[in-house]
Number of protein chains: 2
Amino acid sequence: MRFVSSFKRGELVAEAGSTILSEGTHSPHLYTVLSGWAFRFKTLPDGRRQILNYLLPGDLLGLQGSIMGEMEHSVEALTTMVLCVFQRDKLDSLFEGHPGLGFDVTWIAAQEERMLDEHLLSLGRRTALERAAYLLAFLHSRAEGLGKISDKLLHIPVTQQHVADTLGLSIVHTNKTLRKLAEKGLIQWLDRSCEIVDAEGLRELADWEKPRERKRPLI
Amino acid sequence: MRFVSSFKRGELVAEAGSTILSEGTHSPHLYTVLSGWAFRFKTLPDGRRQILNYLLPGDLLGLQGSIMGEMEHSVEALTTMVLCVFQRDKLDSLFEGHPGLGFDVTWIAAQEERMLDEHLLSLGRRTALERAAYLLAFLHSRAEGLGKISDKLLHIPVTQQHVADTLGLSIVHTNKTLRKLAEKGLIQWLDRSCEIVDAEGLRELADWEKPRERKRPLI
DNA sequence: CGCTGGTTTGACTCAACTCAATCTCTGTGG
DNA sequence: CCACAGAGATTGAGTTGAGTCAAACCAGCG
């Protein structure tokens with residue numbers, strides 16, 4: 001991890017299930033995920049929830065709040081997490097003093113945009129089964145990119161409610177859809193987590209290609 | 001518009017309907033929209049298309065390609081457009097030499113991310129009628145932010161096929177949905193364009209709040 | 001031992017899709 | 001000047017994917 005002397009730094013540990021940032025809030029911080037899983041989401045006034053994306057080690061958290069003042073989404077931890085804390089008001093001085101890091105922040109933002117584009121394609125144009133396959137393949141691919149997998153199977157720490165809120169489906173239908181994936185031998189559902197059995201099979205079903213590995217900047 | 005001496009510059013005029021960037025392509029350019037409307041989209045191998053977002057004056061186009069090498073989506077013009085052309089390989093030197101501009105690029109990227117978040121919420125959790133209302137209110141709000149509206153009504157230059165591909169619906173159902181909005185007196189459908197009659201009513205129906213106006217950097 | 005949160009299942013309903021025609025422009029060639 | 005072709009918009013009929021409701025199941029835990 002690079003050292004940025006002009007930043008005040010600290011670490012934050014968040015429990016699974018805890019809310020790290022809330023929509024409508026002005027957080028003075030910007031975070032980098034050091035370990036653990038989380039997700040970003042928005043809710044409609046009547047309570048309908050949509051998960052926007054997942055956060056894994058290396059991801060930035062709270063950039064929007066830093067740039068636009070107010071958070072437009074919330075973030076909740078799926079597992080225990082360790083975060084690296086930055087002062088958000090120092091962001092422009094980072095661009096001044098460390099243009100390379102400024103570029104890296106933009107790189108990460110562009111990366112996030114690419115993921116959101118794929119999620120949109122999925123929500124808009126894939127069937128429920130394809131969507132589920134895509135989501136799990138996507139999460140598998142992200143974890144793989146972090147070297148978290150090695151030879152053993154990946155366990156994704158989500159409930160079916162999380163999957164439903166990501167795919168834009170009801171829990172009941174999500175359950176039936178995941179069951180189909182399990183029957184095809186692609187996944188196995190465990191107690192509040194999903195084991196990826198055949199990532200390649202999921203990708204094929206969703207007609208999705210794993211993105212090429214890119215050098216990820218470490219901030 | 002700010003002048004950036006270290007960049008080679010030029011202007012590009014694109015016809016309505018022309019493809020400006022293609023998925024899978026390596027474009028040597030990065031653009032800024034000076035005038036006109038366009039949209040970004042992705043397609044599944046079997047042809048299903050999803051529109052990701054719309055581009056209006058002030059938006060960046062091709063940042064992903066600049067940062068990640070290959071375009072992951074395509075861009076097509078809805079009207080005649082004028083674009084300002086930059087050399088993409090100069091991007092990191094921009095961060096070096098003009099940190100303020102580097103920050104602005106990140107600002108624009110964060111803004112785009114915010115819009116995609118809202119689209120995701122819409123696709124995942126809103127009904128067809130709410131989705132259509134949201135989309136039109138959103139486009140109205142964007143045009144309004146550019147001062148394009150004044151006292152007269154806004155005409156959005158899209159076909160029902162575009163709306164369908166944005167909302168993730170079939171054309172037939174999109175047609176029936178737009179008809180309902182017209183019957184409520186919120187819009188009027190014209191020849192390949194939509195006139196916004198009651199933007200506030202659309203926002204209410206979608207339960208969506210217009211984002212606060214933010215100072216937009218001009219690159 | 002009885003909660004509670006998460007998962008499963010079945011029955012019924014409804015929103016959205018497909019198929020198939022029709023209609024209306026607009027531009028074009030004879 | 002008219003006929004025809006093609007793109008976009010409409011409409012109706014029948015089908016189906018996904019939602020709702022409701023009940024049951026299951027494991028961990030105070």
Side-chain angles (χ1 to χ4, degrees), chain A residues 15-18 39 44 46-51 76 78-79 122-136 155-183 187-195 205-206, chain B residues 15-18 39 44 46-51 76 78-79 122-136 155-183 187-195 205-206:
Chain A
E15 299 292 308
S18 66
F39 63 95
L44 251 11
D46 68 3
R48 283 174 279 177
R49 179 174 81 165
Q50 177 64 39
I51 294 182
E76 191 177 314
L78 283 169
T79 66
S122 213
L123 273 189
R125 291 306 186 195
R126 276 195 250 252
T127 66
L129 194 67
E130 291 169 340
R131 250 182 269 179
Y134 158 73
L135 173 64
L136 298 171
H155 285 199
I156 298 175
V158 291
T159 65
Q160 298 194 352
Q161 182 68 66
H162 290 125
V163 176
D165 286 345
T166 309
L167 304 182
L169 300 171
S170 68
I171 332 172
V172 173
H173 195 58
T174 298
N175 178 281
K176 289 167 183 167
T177 303
L178 289 172
R179 180 143 306 284
K180 283 184 196 161
L181 289 181
E183 276 160 15
I187 65 166
Q188 186 166 358
W189 196 268
L190 310 171
D191 178 48
R192 65 199 69 194
S193 94
C194 176
E195 177 177 285
L205 176 49
Chain B
E15 299 291 308
S18 66
F39 62 96
L44 252 11
D46 68 2
R48 284 174 278 178
R49 177 175 81 164
Q50 177 64 39
I51 294 183
E76 191 177 314
L78 284 168
T79 65
S122 213
L123 273 188
R125 291 306 187 194
R126 276 195 251 252
T127 64
L129 193 66
E130 292 169 339
R131 251 183 268 179
Y134 158 73
L135 172 63
L136 298 172
H155 285 199
I156 299 175
V158 291
T159 66
Q160 297 194 352
Q161 183 68 65
H162 290 123
V163 175
D165 286 346
T166 309
L167 304 183
L169 300 172
S170 67
I171 333 173
V172 173
H173 197 241
T174 298
N175 179 281
K176 289 168 183 167
T177 303
L178 289 172
R179 180 143 306 284
K180 283 184 196 161
L181 289 181
E183 277 160 15
I187 65 167
Q188 186 166 358
W189 196 268
L190 310 171
D191 178 49
R192 65 198 71 195
S193 94
C194 175
E195 176 178 285
L205 175 49

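Among the protein residues, A/G168 comes within range of the sugar-phosphate backbone only, with heavy atoms under 4.0 Å from sugar or phosphate atoms but none that close to a base. Contact annotation for A/T159: backbone-only contact, meaning every heavy-atom pair under 4.0 Å involves sugar-phosphate atoms and none involves a base. Counting any heavy atom pair closer than 4.0 Å across all strands shown, A/L169 reaches sugar-phosphate atoms only and no base atom.
B/H162 places a side-chain heavy atom less than 4.5 Å from the side chain of B/L78.
Distance A/I171 CD1 to D/dA23 P: 17 Å, rounded to the nearest Å. Counting to the nearest Å, the P atom of D/dA9 and the CD1 atom of B/I187 are 11 Å from each other. Between B/R192 atom CZ and C/dC25 atom P there is a gap of 13 Å when expressed in whole angstrom units. In this structure, NE2 of B/H162 is placed 14 Å from P of D/dA7, rounded to the nearest angstrom. Note: CG (A/L178) to P (C/dT8) measures 8 Å, nearest angstrom. Nucleotide D/dA18 holds its P atom 12 Å from the CG atom of A/L123, rounded to whole Å. Computed from coordinates, the A/L190 CG to D/dC26 C1' distance equals 15 Å when rounded to whole Å. When rounded to the nearest whole Å, the span between CH2 of B/W189 and P of D/dG8 equals 12 Å.
Partner of A/H155 under the side chain to side chain donor-acceptor pair (under 3.5 Å) criterion, out of A/R192, A/E195, A/Q188: A/E195 alone.
Where A/R126 and A/D191 meet DNA chain D, the nucleotide closest to each residue was compared, and A/R126 sits on the side nearer the 5' end. Comparing A/N175 and A/R125 along DNA chain C, the residue whose closest nucleotide (by nearest heavy atom) sits nearer the 5' end is A/N175.
The number of heavy-atom neighbours closer than 6.0 Å to CD1 of B/I171, taken from other residues, nucleotides and ligands shown, is 12 or below.
For the pair A/R131 (side chain) and A/L167 (backbone), a donor-acceptor distance under 3.5 Å is present.
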I'd like a table of donor-acceptor pairs (distance under 3.5 Å, sequence neighbours excluded) in which one partner is a side-chain atom from residues 175-183 of chain A, with atom names and distances.
residue	atom	partner	partner atom	Å
A/N175	ND2	A/Q160	OE1	2.9
A/T177	OG1	A/H173	O	2.7

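Residue B/S170 places its side chain closer to C/dC17 than to any other of C/dT9, D/dG19, C/dC17. Proximity note for A/H173 (side chain, C-beta onward) versus D/dG12, D/dA18, D/dT20: the nearest is D/dA18. In the set D/dG12, C/dA16, C/dG6, the nucleotide with an atom closest to the side chain of B/R131 is C/dA16. Between C/dT9, C/dT18, D/dA9, one nucleotide has an atom nearer to the side chain of A/R179 than all others, and that is C/dT9. With C/dT7, D/dA18, D/dT20 as the candidates, the nucleotide lying closest to the side chain of A/K176 is D/dT20.
An OP1 or OP2 oxygen of D/dA7 is reached within less than 4.0 angstrom by no side-chain nitrogen or oxygen of B/Q160.
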